[in-house]
Amino acid sequence: MTADFQLSDFNYDLPAELIAQTPAASRRGSRLLHLDAESRLHDRQFVNLPNLLRSGDLLVFNNTRVIKARLLGHKASGGKVEVLVERILDGFRALCHVRASKSPGPGMSLHLAEAFDAEVIGRQGELFELQFPEDPLTLLEQHGALPLPPYITHAADEVDDQRYQTVYAAQPGAVAAPTAGLHFDEAMLAQLDHQGIARAFVTLHVGAGTFQPVRVDNLRDHVMHAERFVVPAEVLAQCARTRAAGGRVIAVGTTSVRALEAAAAQAAEDAAGATRQGDTRLFITPGYRFRAVDALITNFHLPQSTLLMLVSALAGMKPIRRAYAHAVAARYRFFSYGDAMFIEPPASV
């Protein structure tokens, strides 16, 4: 971080009725606000996106899959608990958020989904380590519920099970969707192939921390949540070939940005050509020098969120403020089920 920023620098007023509660009728049915390299704004439809891309560009998608991470149950004492699985560990263990009137202690048994018991092993910071009786992913698929974001007011239903998941989701482990990818359907992917626009996949398992508010006034004091990522060696090579040939590496979603930039940060430490993986706490704010990403397709982000800080770093604070003010005035739909932006950053931010 190269400057002192205050949390208030990233605030904006958003009418509650602009928070999308349901997806558009079709995946590609959203609007698209285009912020071009001259910081000009263009109101478009998401179906127009292929017209803004060039043969030789590379789209990088996050292929994480949202797991049914939410479980309801009760303690042996009868008190209600709500469990949100944050991360699957080995040995049938998982790190979880646990909500209860009184926090459960080590050795306590939680009866979940009226189907099985999980034992509290201990804590790692704010998270509880639970021991499941068998593979947690199998139990979650059978008995869990999709964990919709806190600003979506309805319980997950069959529509959400389909639409709060990208069509290319492959690697289970996220508790929130990489929502920029929700706009893509198979027909659009085929159209992009036909136009000579390449695609690649990285994995970043989005954690519940993505919805946690920043609780400090000076951003230098913020501790970023950790998320697991994998960027295969072939994807790194594909990005290098794209740029060498004059194409652009375009991240689909801020999670793809974090994965690619975290991989770039490892470059000095790992052997050339190696797959980059691990936990990242990369916190991108204005002044950050992007090493791997040339443009971004993204949704609109919460006020004062780390993701709003990231897009402000890419496009500039003033252009993003102007874009968000325009989006509010033009009644765009916001957040996970909302409309999209295509950001082409200026030569210098």
- Reference residue Phe229; test side-chain contact (heavy atoms from CB on, under 4.5 Å); the match among Leu204, Asp279, Leu260: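 Considering Leu204, Asp279, Leu260, a side-chain contact (heavy atoms from CB on, under 4.5 Å) with Phe229 is found only for Leu204.
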- Task: Please identify each residue that fulfils ring-ring contact (aromatic ring centres under 6.0 Å, His included) with Phe184, with sequence neighbours left out.
- Result: Phe46, Phe61
To the nearest 0.5 angstrom, please state how far the [atom1] atom of [X] sits from the [atom2] atom of [Y].
| X | Y | atom1 | atom2 | result |
| --- | --- | --- | --- | --- |
| His143 | Leu140 | NE2 | CG | 9.5 Å |
| Leu219 | Asp4 | CG | CG | 9.0 Å |
| Ile67 | Gln171 | CD1 | CD | 13.0 Å |

- In terms of ring plane angle, is the pair Tyr324 and Phe300 parallel, tilted or perpendicular, where the classes change at 30° and 60°?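 Ring orientation, 0 to 90° scale: perpendicular.
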- Message: Ring-plane angle category for His222 and Phe283, please: parallel below 30°, perpendicular beyond 60°, tilted otherwise.
- Response: perpendicular
- Query: Are the side chain of Glu119 and the backbone of Leu130 linked by a donor-acceptor contact shorter than 3.5 Å?
  - Reply: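 No.
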- Taking Ser256 for its side chain and Asn62 for its backbone only, find out whether a donor-acceptor pair lies under 3.5 Å.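 At least one qualifying donor-acceptor pair exists.
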For [X], give me all partners under side chain to side chain contact (heavy atoms under 4.5 Å, CB included), at least two apart in sequence or on another chain.
| X | answer |
| --- | --- |
| Val223 | Arg281 |
| Leu282 | Arg258, Glu261, Thr280, Ile284, Tyr288 |
| Ala176 | Tyr164, Val206, Thr210, Phe211 |

Whether the [X] and [Y] side chains hold a donor-acceptor pair (N or O, under 3.5 Å, no angle test) is what I'd like checked.
| X | Y | value |
| --- | --- | --- |
| Asn299 | Tyr337 | no |
| Gln195 | Ser55 | no |
| His34 | Asn48 | no |

- Message: Just checking Glu17: does its CD atom have more than 12 heavy atoms from other residues, nucleotides or ligands closer to it than 6.0 angstrom?
- Response: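 Atom CD in Glu17 is crowded, with more than 12 foreign heavy atoms closer than 6.0 Å.
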Using a 3.5 Å cut-off and no angle test, enumerate the donor-acceptor pairs between side-chain atoms of residues 6-14 and protein atoms at least two apart in sequence or in another chain.
from, atom 1, to, atom 2, distance (Å)
Asp9, OD2, Gln6, N, 2.9
Tyr12, OH, His301, O, 2.5

Sequence neighbours excluded and cut-off under 3.5 Å, please list the side-chain donor-acceptor pairs for residues 238-254, or say none.
from, atom 1, to, atom 2, distance (Å)
Arg241, NH2, Glu234, OE2, 2.8
Thr242, OG1, Gln238, O, 2.9
Arg243, NE, Asp294, OD1, 3.4
Arg243, NE, Asp294, OD2, 3.2
Arg243, NH1, Arg291, O, 2.6
Arg243, NH2, Asp294, OD1, 2.7
Arg248, NE, Asp57, OD1, 3.3
Arg248, NE, Asp57, OD2, 3.3
Arg248, NH1, Glu344, OE2, 2.7
Arg248, NH2, Leu52, O, 3.3
Arg248, NH2, Asp57, OD2, 2.7

Below 4.5 Å, heavy atoms only, C-beta onward: do [X] and [Y] meet side chain to side chain?
| X | Y | result |
| --- | --- | --- |
| Val83 | Phe128 | no |
| Met341 | Leu35 | yes |
| Leu139 | Phe116 | yes |
| Val81 | Leu112 | yes |

